[in-house]
Amino acid sequence: MLKNFKITTAMIFALVVAGFSSSASAGVEGDTITLGSAISLSGKYSTNGLHTQRGYDFAVDRINSRGGVTVGGKSYKLAIKYYDDESTPARAAQLVERLIQQDGVEFMLGPYGSGLTKAVAPVSEKFGVPMVEAEGASRSLFTQGYKYLFAVLSTSEQYLAPAIELAAAKAKAAGRDPSSVRVAMAFENDPFSLDVRAGVVDAANKYGMKIVIDDKLPADLSDMSTTLTKTKALKPDVLIISGHSKGAATAGRQIEEMRIQADIVAITHCEAAKVHTKFPNASDGMLCPTQWVESSPLKDGMFGNAAEWNADFKVAHPSYTTVPYQTAQASAAVLVYKEAFEAANSFDQVKVRDAIAATDMETFYGNIKFSEAGNNIAKPMFMRQISGGSYNAIITADDMVFPRKASY
Amino acid sequence: MLDNLQLLFVWAPIINVQIILEGIFVGAIFALVSYGLALVWGVMNVKNLAQGDFVIMGAYLTFTLSKYGLHPIFSLPIVLVIMFGYGWLIYLLIIRRVIDNDMFVSLLATFGLSLVMQQFMNVLYGPEVQIIDSKLPVYSMFDDFVTVPMAKIISLILAGTFALIIVIFMKKSRMGQAIRATAQDARAARVLGINTDRVYAFTYALNAAICGVAGVLVSIIWIFQPFYGIQYSLRAFAIVTAAGLGNLPAVIGAGFGLGLIEKYTSMILGTEYEIAAAVIMLLIVLIWRQIHLRRSRQVVR
């Protein structure tokens, strides 16, 4: 019995040692470039974490099947080493350190969400490891002076500002002064939503619009009836709400219940909360921001245009009826790496970093060009309007059904 | 803030009707959850930190049943029975082992239970926010200024009926009498031949069932997510502590009171202060009671 036990321990020990030595592979070994990512596969961000991972993997498969990445005349395959960060920032930071130090990963892809990106960015920065991220939109990521952090998506203060622009355009078209537009807004008290709020406030101030309601919502939101009661009493022209999926679900439910009529209603995360199917009446005419629209005409040599990427992804993953933009931008992040490796023609981290910083390209996801701070400044945020349960892209103010007239 | 006060009392006083109604609807659910907590706390001296998670579990059970096409209102008896059984099971597995220990053991045990339940629901259903469409109509008054969803009226009626049934049950039935006897003096009850172990099991199971009913109501009027239990636990604790144990009418009164206070706070200061209102109410009650206690002690001296 005791002998058996000893043998077992010895075996486990040997396995652990073997595991360590084999996992300590270099970032680029043989003909494989290994990227690393801590991603949320369990915990509260697991759904979006999975969307992100699928986007990364889809791009890796496509790039590998089309000749891989050519550096110094040699063709390399891409691979990604993942760890599950359990949706917790501290764990994500640990895992990124492990990826860099133990697994020898030299190039990182981002985790899901602003909070986790904020946790891991200092780590990759410390080791001088470039990180291209696709899911952290918070403005505050790009005010820290990070040199190695790049984001392909639009930052969060741009999310709902287009709604104000649309309201101003509609006011002008009706012969009204945009400053006569009255805005009601409610934002969750978290970094992301407050960024969104800052963008809306800037836009509203630009036109001199009056903000009549400016409520903050709690993190565990399930009831915002008083904010909507105020809305009913004050009758603003524009109603803007942001509070992740729970904000969208609560707003959808209670806007329907309380029969709110406002000319423009704009909400983040409508798709994630499925407001278009759960609240068909209230959601009709709502504006929802998106990082990416399938009808975007921009294209690249690897994926084609947005519609082609969308169709190909659905073939690879038939379970998706609509593909979330989180997946599209994850694919775009991998594409940035391919281009940067080839432009740098080297795997030197500083050279690759400089090549990423110099990126200026058109992709199926949109134009990508990074500012000094690392955020993508070439791609606008898009608005879509829910109409009869489907999402229509709003490119100009004329595409919009205005005023929103929900039938309750 | 001034704007909001003006809005309430000068510009559109009609919205007071809406806010009072909302406060009553919310209060009914709080009262129900607190009632269960007061029962367990008073009878067994167990402070059940998993209270809110029982509510969310009830909501998810309704969610599962609604996938099979069952209307939430009709799934109520099923949820009630399942939760009753679940409560009994939890009593046998956990609570029975900690009931004779001091307060902290039961606090820790139920806190652990709460974490396990949250994560289990997260694994089973995912972290997405869920809602159930009860497909009930919405009534509107004063030219859409005040709207009352049928779902909330039904939940108010159900909460009231259920509370009434429990009150009658506690007064009239043998088990109810046994529960009250055990609450007063467990040892004496045992001497008189009451199986207190069974009484405890029944009380805990009854509490789980009450929470389950609250969960059904929550599912049709709000939204829920695996980690939303804490807000119901917190409010239930505030209400029970403020109202005092063993004073069930006061618990129900405090439930409605908190509902109204929350809605008015949220109207005047903003929605983010809603839950702060619960804690501040608790604080004020405790301070007031302390002052009161001091005074009466001085008289005794």
Side-chain angles (χ1 to χ4, degrees), chain A residues 40 42-50 86-87 186-190 212-235 243-254 256-261 269 272-275 277-281 408, chain B residues 3-4 7-8 11-19 21-23 25-26 119 122-123 126-133 137-138 140 144-149 151-152 218 220-232 234 262-276:
Chain A
S40 307
S42 60
K44 58 180 172 180
Y45 300 134
S46 51
T47 319
N48 283 321
L50 201 62
E86 297 155 22
S87 306
F187 293 93
E188 189 185 333
N189 204 349
D190 79 310
V212 290
I213 300 174
D214 183 7
D215 260 8
K216 302 242 168 58
L217 305 172
D220 43 7
L221 174 75
S222 60
D223 188 355
M224 55 182 296
S225 56
T226 47
T227 303
L228 294 176
T229 306
K230 274 187 243 176
T231 308
K232 224 182 316 192
L234 291 169
K235 297 194 170 50
H244 301 274
S245 304
K246 55 183 179 286
T250 309
R253 168 152 252 175
Q254 297 194 323
E256 179 152 298
E257 237 173 57
M258 303 181 76
R259 304 187 171 175
I260 302 293
Q261 298 285 10
H269 298 83
K274 299 197 179 79
V275 290
T277 51
K278 287 178 177 164
F279 315 103
N281 297 336
Y408 296 109
Chain B
D3 290 3
N4 292 331
L7 188 62
L8 262 179
W11 295 337
I14 192 78
I15 61 176
N16 280 291
V17 178
Q18 178 87 56
I19 293 171
L21 282 174
E22 292 289 338
F25 294 137
V26 172
Q119 296 300 339
N122 188 23
V123 169
E128 291 89 11
V129 173
Q130 301 292 359
I131 63 140
I132 295 173
D133 188 2
V138 175
S140 77
D144 268 5
F145 236 98
V146 174
T147 52
V148 185
K152 286 187 176 173
V218 163
I220 56 170
I221 64 176
W222 288 317
I223 61 171
F224 53 95
Q225 202 226 356
F227 306 103
Y228 265 23
I230 181 70
Q231 43 176 333
Y232 299 103
L234 189 82
E262 273 197 6
K263 288 298 149 203
Y264 269 99
T265 312
S266 133
M267 180 70 203
I268 294 164
L269 297 177
T271 309
E272 65 173 336
Y273 292 102
E274 234 176 49
I275 205 147

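Chain naming here is simple, since letters A, B, ... match the order of the sequence lines and numbering starts at 1 in each. What you see is a predicted model, and the numbers here were worked out from it, not measured in a lab.
Heavy-atom distances place the side chain of A:Ser225, and not its backbone, under 4.5 Å from chain B. With a 4.5 Å cut-off on non-hydrogen atoms, A:Gln254 touches chain B through its side chain but not through its backbone. For A:Ala248, no part sits under 4.5 Å from any heavy atom of chain B, backbone or side chain. For a residue to count as touching a neighbouring chain, one of its non-hydrogen atoms must lie under 4.5 Å from one of that chain's; by this rule B:Ile14 does not touch chain A. Looking at B:Leu21, neither its backbone nor its side chain comes within 4.5 Å of chain A, counting heavy atoms on both sides. Residue contact with chain A, scored on non-hydrogen atoms closer than 4.5 Å, involves the side chain of B:Phe227 exclusively. Heavy atoms closer than 4.5 Å to chain B are found in the side chain of A:Asp215, but not in its backbone. For A:Ala249, the parts lying under 4.5 angstrom from a heavy atom of chain B are both the backbone and the side chain. For chain A, the nearby part of B:Val26 is the side chain; its heavy atoms alone come within less than 4.5 Å. Only the side chain of B:Glu274 comes within contact range of chain A, with at least one heavy atom under 4.5 Å from a heavy atom of that chain. In this structure, chain B has heavy atoms under 4.5 Å from both the backbone and the side chain of A:Asp223.
By the neighbour-count criterion of 12 heavy atoms within 6.0 Å, atom NZ of A:Lys216 is densely surrounded, having more than that number from other residues, nucleotides or ligands. Within 6.0 Å of the OH atom in A:Tyr45, the count of heavy atoms belonging to other residues, nucleotides or ligands does not exceed 12.
Taking CG from B:Asn122 and OG from A:Ser46, the interatomic distance works out to 6.0 Å, rounded to the nearest 0.5 Å. With rounding to the nearest 0.5 Å, the separation of NZ in A:Lys278 from CD1 in B:Ile131 is 5.5 Å. Taking CD from B:Gln130 and OG from A:Ser245, the interatomic distance works out to 10.5 Å, rounded to the nearest 0.5 Å.
Here the shortest heavy-atom pairing between B:Val138 and A:Arg259 reads O-NH2, 2.9 Å. Of all non-hydrogen atoms in B:Trp222 and A:Ser222, the two that sit nearest each other are CD1-O, 3.1 Å. Closest non-hydrogen pair, A:Lys246 versus B:Ile223, comes out as O-CD1, 3.4 Å. Between B:Tyr228 and A:Leu221, the shortest heavy-atom contact is OH-O, 2.6 Å. Smallest separation of non-hydrogen atoms from A:Thr227 and B:Thr271: OG1-OG1, 2.7 Å.
For the pair A:Thr47 and B:Pro127, the minimum side-chain heavy-atom distance is below 4.5 Å.
For B:Phe224, the ring pair (Phe, Tyr, Trp, His ring centres under 6.0 Å) partners are B:Tyr60, not counting sequence neighbours.
The residue among A:Lys230, A:Met224, A:His244 with the most heavy atom pairs within less than 4.5 Å of chain B is A:Lys230. Ranked by heavy-atom pairs under 4.5 Å with chain A, the list B:Val218, B:Ile221, B:Ile230 is led by B:Ile221.
Ion pairing between A:Arg253 and B:Asp133 fails under the 4.0 Å rule for side-chain N and carboxylate O. Remark: B:Lys152 engages A:Glu257 in a salt bridge, criterion side-chain N to carboxylate O under 4.0 Å.
Shown are B:Glu22, B:Met267, B:Gln18, B:Glu262; of these, the side-chain contact (heavy atoms from CB on, under 4.5 Å) with A:Thr226 is made only by B:Met267.
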